[in-house]
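All values reported here derive from a predicted model rather than from experimental measurement.
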Protein chains: 2
Amino acid sequence: MARLSRERVLEAAVALADEAGLDGLSMRRLATELGVVPMALYKHVANKDELLDGIIDTVVGEIDLGPVEGDWKPAVRARILTAREQLLRHPWASSAIESRRNPTPAVMTYMNSIIGLFRRGGFSVNLAHHAIHSLGSRILGFSQELFDDMAADPETQEAAAHAMKDTFPWLAELALQVAHDEKSIVGSGCDDQFEFEFALDLLLDGFERIHQSARSGPQPR
Amino acid sequence: MARLSRERVLEAAVALADEAGLDGLSMRRLATELGVVPMALYKHVANKDELLDGIIDTVVGEIDLGPVEGDWKPAVRARILTAREQLLRHPWASSAIESRRNPTPAVMTYMNSIIGLFRRGGFSVNLAHHAIHSLGSRILGFSQELFDDMAADPETQEAAAHAMKDTFPWLAELALQVAHDEKSIVGSGCDDQFEFEFALDLLLDGFERIHQSARSGPQPR
DNA sequence: ACCATAGGTGTACGGCGTACACTCGTCAAG
DNA sequence: CTTGACGAGTGTACGCCGTACACCTATGGT
């Protein structure tokens, strides 16, 4: 067994989180996985919090930040969709990032690059600021959904929808239509990718409109 | 000491979470607070998960869903801002809701009411669906921010911004301007309420535009 | 040849959620 | 009035968790 190192620890932690989820990632289990006693890990990470920051930094750091051509809009869009692609490979990443209070260096690098795209596109500092806030976690390619359970097969889903027709009529109506659409087209649940791009474009269009009206009239806010 | 009951347990749990945070809310501590042995709680809630669902349901259930007058837009806006007001009273609520996989009944009731506002405003089922997804957690009045640390006093903040001018130039520029604005106007950090309403209005405006163009042209999606 | 140091170990503590077997007070049926 | 079932609260115990602290040991610079 090779020597331990921060890299080896983080790498193994990412792998473990991938297969066991965030809950399954414990210092003790990670140590076992590395063939080492739990306390050995503490020579390479300060504590579990720092470990989590570390694995976030690892996966966020792998987002391709190479130069993008074209206007700010397609550029931002492309970069965010790239981030999404990367983070979808690690299902635990979004919850992990959400749960942190302070951004890791890689996250700051990423944000910095997005702000740069806005600014080079002619956004005022203020508008860029508002844009960042408006995008929220969507900036990293994930959205905070309140429902995860639209994932059953259309039949079950349809049955559930019927069951709540009395209590939640509007919700039921919506669920029924979704179930119907899915049955006639493709796999289970809502089309998350479509919904993500829909919301993203809505926001980007909004930014663009403000940006343009600011170019002619006086500055916003 | 009065007898225990689900209500008393949930009430105490909300209070404990309010003052000790989500991490400080443990079955054992909650039991102590109620002057009872830990296992006694299990006669009233199935397990900790159900307890969390319970307190979420409690606070979300307290959001005022009374009838709102006027167009869908001010109506939705008002309802969401009411929800925000309520959830801001319980700082743990947003993280708790985010962490759940399935919505509690009160959340479904709330979502149902919002969908109702859209539908009565003439939205197609599809548009209402996209709108719900686009709002994401903002529908309940909170947004997933990647930065919480803009909360220090402007001086510290400004110093930090200067320190990262080399590594994250765009981020630093933004932070500097924020720090400057704050110094000349009001208390610390970004104006979260302003940013929230800014993003909310951006989304609602977007919905409106799609809604209107759908009224004339063929249906969207 | 020496010894400081860094990496890995072993033991232990206090906390967590909760399974399971129990006691005991209340209240309805006989 | 007796009885017995039942539901609320108890006590003990198990297996996890993160991590403090003292320890050993191999390595590499002097």
Side-chain angles (χ1 to χ4, degrees), chain A residues 1-58 91-93 95-102 104, chain B residues 1-58 91-93 95-102 104:
Chain A
M1 219 42 155
R3 275 288 262 306
L4 235 46
S5 72
R6 189 161 218 272
E7 285 65 41
R8 288 223 318 132
V9 169
L10 292 182
E11 195 182 320
V14 168
L16 180 52
D18 281 347
E19 75 184 31
L22 265 194
D23 292 345
L25 171 59
S26 73
M27 297 300 273
R28 299 173 112 100
R29 187 158 167 198
L30 177 56
T32 316
E33 213 80 23
L34 284 163
V36 107
V37 93
M39 286 312 290
L41 303 175
Y42 288 86
K43 293 282 151 94
H44 304 275
V45 296
N47 49 45
K48 189 173 184 184
D49 249 39
E50 217 228 16
L51 176 78
L52 288 178
D53 279 344
I55 63 177
I56 290 173
D57 221 50
T58 303
W92 48 268
S95 344
I97 294 173
E98 279 164 21
S99 74
R100 304 282 85 195
R101 196 177 271 86
N102 289 246
T104 72
Chain B
M1 219 41 154
R3 272 288 260 310
L4 236 45
S5 72
R6 190 162 218 272
E7 283 66 39
R8 287 223 320 132
V9 169
L10 291 183
E11 195 183 321
V14 168
L16 179 53
D18 281 346
E19 77 183 29
L22 264 195
D23 292 346
L25 171 60
S26 73
M27 298 299 274
R28 299 173 113 102
R29 186 157 168 199
L30 177 56
T32 316
E33 213 81 22
L34 284 163
V36 106
V37 94
M39 286 312 290
L41 302 175
Y42 288 86
K43 295 282 149 108
H44 304 276
V45 296
N47 50 46
K48 189 172 183 183
D49 249 40
E50 217 229 17
L51 176 79
L52 288 178
D53 279 344
I55 63 176
I56 290 173
D57 220 52
T58 303
W92 49 267
S95 346
I97 295 173
E98 278 165 19
S99 74
R100 307 277 84 196
R101 197 177 268 86
N102 289 240
T104 72

Report task. Mind checking salt bridge (charged side-chain N to carboxylate O under 4.0 Å, His left out) for B:Glu50 and listing every partner two or more places apart, or none if nothing turns up? Result -> B:Arg6
Requested in this report: Starting from P on C:dG15, measure out to CG on B:Leu25 and report it in whole angstrom.
Outcome: 16 Å
Report task. Determine which pairs satisfy side chain to side chain donor-acceptor pair (under 3.5 Å) with at least one residue from residues 35-44 of chain B, sequence neighbours left out, and list them in order. Result -> none
Report summary line: Outer limits of DNA chain D sitting under 4.0 Å from a non-hydrogen atom of chain A, read 5' to 3', are D:dC17 to D:dC21
Report task. Specify the separation, in whole Å, of atom CG of B:Leu22 and atom C1' of C:dC16. Result -> 15 Å
Query - Nucleic acid contacts - residues 41-50 of chain B versus DNA chain C, non-hydrogen atoms under 4.0 Å - result: B:Tyr42, B:Asn47, B:Lys48
Query raised in the report: Which distance, rounded to the nearest 0.5 Å, do you find between the CG of A:Asn47 and the CG of A:Leu41?
Result: 11.5 Å
Query raised in the report: Roughly how far, to the nearest 0.5 Å, is CG of B:Asp57 from CD1 of B:Ile97?
Result: 10.0 Å
**Report entry** Interatomic spacing from NZ in B:Lys48 to OG in B:Ser26 - rounded to 0.5 Å
**Finding:** 6.5 Å
Query raised in the report: Atom CG of B:Asp23 to atom P of C:dG17: distance rounded to whole Å?
Result: 11 Å
Report summary line: Rounding to 0.5 Å, atoms CD (A:Glu7) and OG1 (A:Thr58) come to a distance of 8.5 Å
Query raised in the report: Does the base of C:dG7 carry an N or O that pairs as donor and acceptor with the side chain of A:Arg3 under 3.5 Å?
Result: no
Query raised in the report: Base, sugar-phosphate, or nothing for B:Met39, non-hydrogen atoms under 4.0 angstrom?
Result: base
Query raised in the report: Looking at A:Ala12 and A:Leu34, what are the two nearest heavy atoms and their distance?
Result: CB-CD2, 3.7 Å
Query raised in the report: Could you state the interatomic distance from CE (B:Met39) to CZ (B:Arg28), rounded to the nearest 0.5 Å?
Result: 10.0 Å
Query raised in the report: Rounded to the nearest 0.5 Å, how far apart are OG1 of B:Thr104 and CD1 of B:Ile55?
Result: 11.0 Å
Query raised in the report: Near DNA chain D, under 4.0 Å by heavy atom, which residues of residues 9-17 of chain A?
Result: none
Name each donor-acceptor pair under 3.5 Å that joins a side chain in residues 14-25 of chain A to protein atoms two or more places apart or in another chain, with its distance.
| from | atom 1 | to | atom 2 | distance (Å) |
| --- | --- | --- | --- | --- |
| A:Asp18 | OD1 | A:His90 | ND1 | 2.8 |
| A:Asp18 | OD1 | A:Trp92 | NE1 | 2.6 |
| A:Asp18 | OD2 | A:His90 | ND1 | 3.2 |

Report task. Could you tell me whether the side chain of B:Leu30 reaches within less than 4.5 Å of the side chain of B:Leu51, counting heavy atoms only? Result -> yes
Query raised in the report: How many Å lie between CZ on A:Arg6 and C1' on C:dA6, as a whole number?
Result: 16 Å
